[in-house]
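Values reported hereafter were calculated over all heavy atoms of this structure, with side chains retained and with hydrogens, waters and symmetry mates removed.
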Amino acid sequence: MTLQASSFAVGNPSISSPFRGHRNFPVFRAQVEPSEKSVEIMRKFSEQYARKSGTYFCADKGVTSVVIKGLADHKDALGAPLCPCRHYDDKAAEVGQGFWNCPCVPMRERKECHCMLFLTSDNDFAGNEQTITMEEIKSATANM
């Protein structure tokens, strides 16, 4: 397990800290890597869903890689690929409701992907690929 400073967590109302609101105070959180098996499962799922839905990965494969690893982490920790780009007060309850489990309801109904994993061709950030390799994921997330 590694500890990593997380600037996005500073000022997060879900974090109880006497230093909350102090901009330069780093918040540390445990960072555990998802299993390689779950990353591979989510990689394959993402490719298949992109083809099925006629969507494309972000032109910046780093975005795609981070989202896939986030989905894999939630799959390991919660048993379901809960959208990793949202804040939840109770992740287990959210998994049970299923609304934000990937592909989430907004994606299935309107092709709106908050995570930028599945983008329609008219989106400015859409690339032209529906595939990503494990090597690309590892390379893009190596320094995280």
Side-chain angles (χ1 to χ4, degrees), residues 1-17 20-21 23 25-144:
M1 181 183 307
T2 60
L3 292 179
Q4 176 179 355
S6 177
S7 61
F8 73 85
V10 174
N12 184 334
S14 68
I15 297 173
S16 177
S17 168
R20 196 171 86 213
R23 290 180 178 222
F25 186 79
V27 174
F28 293 90
R29 63 185 173 94
Q31 182 174 342
V32 179
E33 286 290 311
S35 70
E36 190 164 328
K37 178 181 178 183
S38 290
V39 174
E40 178 64 9
I41 288 168
M42 295 315 306
R43 182 190 72 78
K44 287 181 178 179
F45 155 78
S46 298
E47 288 181 342
Q48 181 181 25
Y49 192 80
R51 285 190 302 271
K52 177 182 168 188
S53 64
T55 58
Y56 297 89
F57 294 144
C58 184
D60 178 354
K61 290 271 187 106
V63 171
T64 304
S65 299
V66 169
V67 175
I68 289 173
K69 283 186 82 171
L71 291 169
D73 179 50
H74 281 165
K75 184 164 177 44
D76 284 347
L78 304 167
L82 183 66
C83 176
C85 301
R86 297 187 171 277
H87 169 76
Y88 309 98
D89 289 329
D90 184 344
K91 289 182 181 182
E94 292 291 342
V95 165
Q97 291 178 5
F99 187 89
W100 293 116
N101 293 345
C102 190
C104 64
V105 171
M107 180 61 210
R108 290 190 310 256
E109 290 181 353
R110 299 180 301 279
K111 290 190 178 181
E112 294 174 359
C113 183
H114 175 78
C115 300
M116 294 180 49
L117 180 58
F118 304 114
L119 300 171
T120 56
S121 60
D122 62 341
N123 186 300
D124 291 341
F125 298 102
N128 58 3
E129 294 187 52
Q130 296 173 316
T131 61
I132 187 167
T133 66
M134 281 295 283
E135 291 74 28
E136 287 175 305
I137 293 171
K138 288 177 183 177
S139 174
T141 59
N143 296 325
M144 298 183 88

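- Note that CD1 of I68 and CZ of F57 are 5.0 Å apart. Values are rounded to the nearest 0.5 Å.
- Atom SG of C104 sits about 9.5 Å away from atom CZ of F118, to the nearest 0.5 Å.
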May I have the step-by-step check of side chain to side chain contact (heavy atoms under 4.5 Å, CB included) for T55 and C113, ending in yes or no? CA-CA 10 Å; T55 58; C113 183; over 6 Å; no
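- You'll find the side chain of S53 reaches within 4.5 Å of the side chain of M107, heavy atoms only.
- Contact record, P84 with L71: CD-CD2, 3.5 Å, taken as the closest heavy-atom pair.
- In plain terms, the two heavy atoms of A140 and S65 that are nearest each other are CB-OG, 3.5 Å.
- For the pairing with V39, the side chain to side chain contact (heavy atoms under 4.5 Å, CB included) check across K138, M134, K75 returns one residue only, M134.
- By the neighbour-count criterion of 12 heavy atoms within 6.0 Å, atom CZ of F99 is densely surrounded, having more than that number from other residues, nucleotides or ligands.
- The list of salt bridge (charged side-chain N to carboxylate O under 4.0 Å, His left out) pairs with a residue in residues 60-70, not counting sequence neighbours, reads E33-K69, K61-E129, K61-E136.
- For the salt bridge (charged side-chain N to carboxylate O under 4.0 Å, His left out) condition, the pairs that include at least one residue of residues 111-125, sequence neighbours left out, are R110-E112.
- Not counting sequence neighbours, T131 has no partner by the side chain to side chain donor-acceptor pair (under 3.5 Å) test.
- Remark: the backbone N or O of M42 is paired with a side-chain donor or acceptor of S46 at under 3.5 angstrom.
- The stretch residues 90-101 participates, sequence neighbours left out, in these side-chain hydrogen bond (donor to acceptor under 3.5 Å, both in side chains) pairs: H74-K91.
- Scanning all heavy atoms of the two residues, the minimum distance from V67 to C85 falls at CG2-SG, 4.2 Å.
- Residue pairs meeting the salt bridge (charged side-chain N to carboxylate O under 4.0 Å, His left out) criterion with at least one member in residues 37-47, sequence neighbours excluded: E40-R43, E40-K44, R43-E47.
- Here L78 contributes atom CG and D73 contributes atom CG; the two are 8.0 Å apart, rounded to the nearest 0.5 Å.
- With sequence neighbours excluded, no residue forms a side-chain contact (heavy atoms from CB on, under 4.5 Å) with N128.
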Check the pair Y49, C102 against side chain to side chain contact (heavy atoms under 4.5 Å, CB included), reporting the backbone distance first and the verdict last. CA-CA 10 Å; Y49 192 80; C102 190; over 6 Å; no
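- Between C58 and T64 the shortest heavy-atom distance is N-OG1, 3.5 Å.
- Using a distance-only test at 3.5 Å, with no hydrogens or angles considered, no donor-acceptor pair links the side chain of Y88 to the main chain of V95.
- Side-chain contact between S121 and Y56 is present, with at least one heavy-atom pair separated by less than 4.5 Å.
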